[in-house]
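Read the numbers this way: they start at 1 and go in the same order the structure lists the ligands and their atoms. Both backbone and side-chain heavy atoms feed into the values below; hydrogens, waters and symmetry mates do not.
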Amino acid sequence: MTPVLIAGGSPVGLATALELAHHGVPSLVVEPREEVSWLRPRAKTTSARSMELFRRWGVAATIRERAPLPVAWSDEAVFVTGLLGQEITRFDRCFGLDLAGDDRAAEPGQQVSQPLVEQMLREAVHASPHARLLTGRRVTGMREDAFGVSVTLDSAEVIRASYVVGCDGSRSVTREAIGARYLGRADSRPNLNIVFRAPGLAERVPFGPAVHYWVLHPSQPGLAGRLDLEETWWCIAQGVTSGDPLEIIRNLARASLDVEVLATDPWTARMLLVDRYSSERIFLAGDSAHQNPPWGGHGFTTGIGDAVNLGWKLAAVINGWAPRSLTATYALERRPIAERTIAEAARNMATLAPELSHPRLDSPSVRQSVAEAVQRAKDSEFHSLDLVLGYTYDGSPIVSGDGARLPHRWLGPGDSLYDHLGPEFTILGREVDGFVKAAADEGVPLTSYDDGLPGLRLVRPDQHVAWSGPDDSHALEILRMAISRAPSTSAGPSPSA
Ligand SMILES: Cc1cc2nc3c(=O)[nH]c(=O)nc-3n(C[C@H](O)[C@H](O)[C@H](O)COP(=O)(O)OP(=O)(O)OC[C@H]3O[C@@H](n4cnc5c(N)ncnc54)[C@H](O)[C@@H]3O)c2cc1C
């Protein structure tokens with residue numbers, strides 16, 4: 001019996017496998033694509049939070065090394081009349097790309113295309129003694145019973161698993177299997193991604209390095225950026241499903257260019273959330289559970305958060321130190337984050353290049369008023385650390401307090417407080433004996449570390465704070481609450497007291 005079968009090996013499925021492996025739990029990822037889709041670079045931004053979580057698995061440094069755009073290269077987004085036109089306004093410190101060495105995060109964000117991230121996650125899965133990736137196979141259906149799930153593949157093979165995680169994206173077979181439905185709506189405007197090679201373009205762009213160039217000219221509003229420091233670029237043309245890609249690129253540039261189109265990829269933004277996240281043994285994660293417009297770069301960040309939240313909980317149940325009820329807190333905790341992300345991304349989408357464009361951009365006074373409108377409308381899209389790093393699990397039954405991510409600190413150069421957390425629970429502080437004893441009595445793996453601050457903090461495997469307080473007098477009850485175990489009969493005052 002496979003402990004966990006994961007349908008779909010895109011970023012979220014691979015992340016789920018790596019999180020389970022982090023806790024020593026074997027899994028099998030089933031993915032139809034033999035190769036990652038190199039010419040479909042949907043996500044370009046990996047958030048600071050995703051990079052922090054990748055650091056836990058030892059993958060962040062590899063991604064950073066192999067990303068063609070070094071993080072120090074640029075953290076700017078420039079709004080322009082055309083790629084070879086005039087500047088209107090700009091933002092710096094975008095997408096947390098400026099956070100290197102900053103106490104707020106263990107990792108800055110990283111501009112890197114989605115297929116490269118997927119390739120590196122695939123390599124980490126191949127290197128893991130616990131996770132296995134089966135490519136060239138598709139899940140066609142599944143049946144759940146009291147003891148497990150029978151999963152059928154397109155090869156007609158049936159694999160028995162204790163649990164299934166559906167990371168199979170927008171057309172999820174897993175979602176169908178548990179009778180869940182997406183609720184929400186699609187945006188009416190079409191978009192077209194184009195990947196192209198443009199020798200010499202970078203040298204001609206007069207605005208310096210930037211991760212996004214937003215073109216506000218009404219003849220072709222959209223945005224573009226570099227995929228590497230050689231000749232490869234991406235662009236998104238708004239309001240377009242087809243048409244001549246060469247003409248679209250020339251209109252964005254506002255000039256004639258020597259261009260080779262490598263791929264086109266039409267897409268529509270969606271604001272969708274499932275009505276249920278799971279059955280007893282089958283769970284949805286990533287785009288199979290929620291979809292948000294890409295503005296702000298939150299799509300797979302939310303999915304990686306799902307993977308880690310669900311992964312540690314499933315592992316705790318499979319490893320025998322938490323009750324099955326712990327997995328029910330996955331939807332309770334992650335649904336509000338997806339809801340908030342969809343709302344913020346939809347707000348970002350309300351004002352895009354077509355809305356900000358103007359037919360008289362050759363006039364300095366018009367450019368000035370457009371610049372002011374851009375600053376008002378777009379600041380929160382480029383500076384959203386309150387969402388990326390600041391979401392909490394407030395209201396969850398397994399946290400006392402707001403369940404925020406543990407505030408990050410550098411203890412020395414390259415020495416993150418997070419690197420001192422154990423793979424499972426960690427108690428931070430000095431007088432930790434009560435927690436150490438309670439964890440031993442309850443069979444909960446616990447690391448202790450003196451972080452030099454007064455009081456105590458119980459940190460979950462996902463770096464969120466389950467509880468903080470002055471002393472360990474209610475350690476047993478607190479620990480039981482944090483793993484969803486019923487209070488002991490000798491219960492003292494409630495842990496939140
Ligand atoms: C233009 C654009 C730009 C974006 N930019 C960003 C960004 O900058 N940052 C960001 O974080 N996000 C971004 N996103 C969102 C991001 O691309 C998605 O959120 C992400 O791909 C979701 O990952 P996933 O693993 O949940 O699903 P998917 O990527 O959809 O993967 C699903 C996987 O399941 C597999 N599969 C499908 N059916 C089956 C089956 N029956 N059995 C087994 N496997 C199956 C598929 O082959 C695929 O590998 C962007 C999206 C778009 C459209």
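Judged by distance alone, the side chains of Q375 and T89 do bring a donor and an acceptor atom under 3.5 Å apart. Side chains of Y391 and R405: no donor on one and acceptor on the other come within 3.5 Å. S219 and R254 are linked by a side-chain donor-acceptor pair at a separation below 3.5 angstrom, with hydrogens and angles left out of the test. Side-chain contact check for R197 and T232: no donor-acceptor pair (N or O, by modelled atom type) lies under 3.5 Å. Remark: the H298 side chain and the N348 side chain contain no N/O donor-acceptor pair separated by less than 3.5 Å.
Atoms of ligand 1 found under 4.0 Å from any heavy atom of G169 (numbered from 1 in listed order, with element): 27 (O), 30 (O), 32 (C). Atoms of ligand 1 lying under 4.0 Å from any heavy atom of V30, numbered from 1 in the order shown and given with element: 43 (C), 44 (N). Interface of K44 with ligand 1, defined as ligand atoms under 4.0 Å from a residue heavy atom, comprises 7 (C), 8 (O). Those atoms of ligand 1 with a heavy atom of V173 less than 4.0 angstrom away are 41 (N). Below 4.0 Å from some heavy atom of G286 lie the following atoms of ligand 1, by number and element: 26 (O). Those atoms of ligand 1 that come under 4.0 Å of a heavy atom in R138, given as number and element, are 38 (N), 39 (C), 40 (C), 41 (N), 42 (N). Taking every non-hydrogen atom of V139 and a distance limit under 4.0 Å, the qualifying atoms of ligand 1 come out as 40 (C), 41 (N), 42 (N), 43 (C). Within ligand 1, the atoms closer than 4.0 Å to a non-hydrogen atom of H298 are 11 (O), numbered from 1 in the order shown.
Ion pair D386/R340 flagged as a salt bridge, since at least one NZ, NE, NH1 or NH2 atom sits closer than 4.0 Å to an Asp/Glu carboxylate oxygen. With respect to E76 and R90, a salt bridge is recorded, a charged nitrogen being found less than 4.0 Å from a carboxylate O. For the pair R160 and D145, the salt-bridge criterion is met [side-chain N within less than 4.0 Å of a carboxylate O]. The pair E118-R40 does not meet the salt-bridge criterion, since no charged nitrogen lies less than 4.0 angstrom from a carboxylate oxygen.
Scanning the protein heavy atoms around atom 11 (O) of ligand 1, the nearest turns out to be F300 N, 2.8 Å. For atom 24 (P) of ligand 1, the closest non-hydrogen atom on the protein side is V12 CG2, 3.6 Å. Among protein heavy atoms, atom 15 (C) of ligand 1 sits closest to G299 CA, 3.8 Å. Counting protein heavy atoms only, atom 18 (C) of ligand 1 is closest to D287 OD2, 3.5 Å. Of the protein's non-hydrogen atoms, the one nearest atom 2 (C) of ligand 1 is P294 CB, 3.7 Å. Protein heavy atom at the shortest distance from atom 44 (N) of ligand 1 is P32 CD, 3.2 Å. W267 CE2, 3.3 Å is the protein heavy atom nearest to atom 1 (C) of ligand 1. Protein heavy atom nearest atom 29 (O) of ligand 1, with residue, atom name and distance: S10 OG, 2.8 Å.
Geometrically, ligand 1 and S288 share no nitrogen or oxygen pair separated by less than 3.5 Å. Between N193 and ligand 1, a contact under 3.5 Å exists for no N or O pair. For ligand 1, one of its N or O atoms has an N or O atom of G297 under 3.5 Å away.
Of all the listed residues (Q114, E31, R42, Q111), Q114 holds the heavy atom that lies closest to atom 16 (C) of ligand 1. For the residues T301, D168, D306, the heavy atom positioned nearest atom 39 (C) of ligand 1 is part of D168. Of the candidates A43, P41, C167, A285, the one placing a heavy atom closest to atom 32 (C) of ligand 1 is C167.
Every heavy atom of G303 sits 4.0 Å or more from the atoms of ligand 1.
Annotation: E280, atom CD; neighbour count of heavy atoms from other residues, nucleotides and ligands within 6.0 Å does not exceed 12.
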Could you go through the side-chain contact (heavy atoms from CB on, under 4.5 Å) check for Y418 and R55 one step at a time?
CA-CA 9 Å; Y418 287 2; R55 182 185 177 103; 5.6 Å; no
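Relative to the six-membered ring of Y182, R175 meets both conditions, a distance below 6.0 Å and an angle of at most 45° to the axis.
The side-chain contact (heavy atoms from CB on, under 4.5 Å) test with V388 singles out one residue from E52, R49, H383, and that residue is R49.
Looking at R42 and S37, their side chains never come closer than 4.5 Å, going by heavy atoms from C-beta outward.
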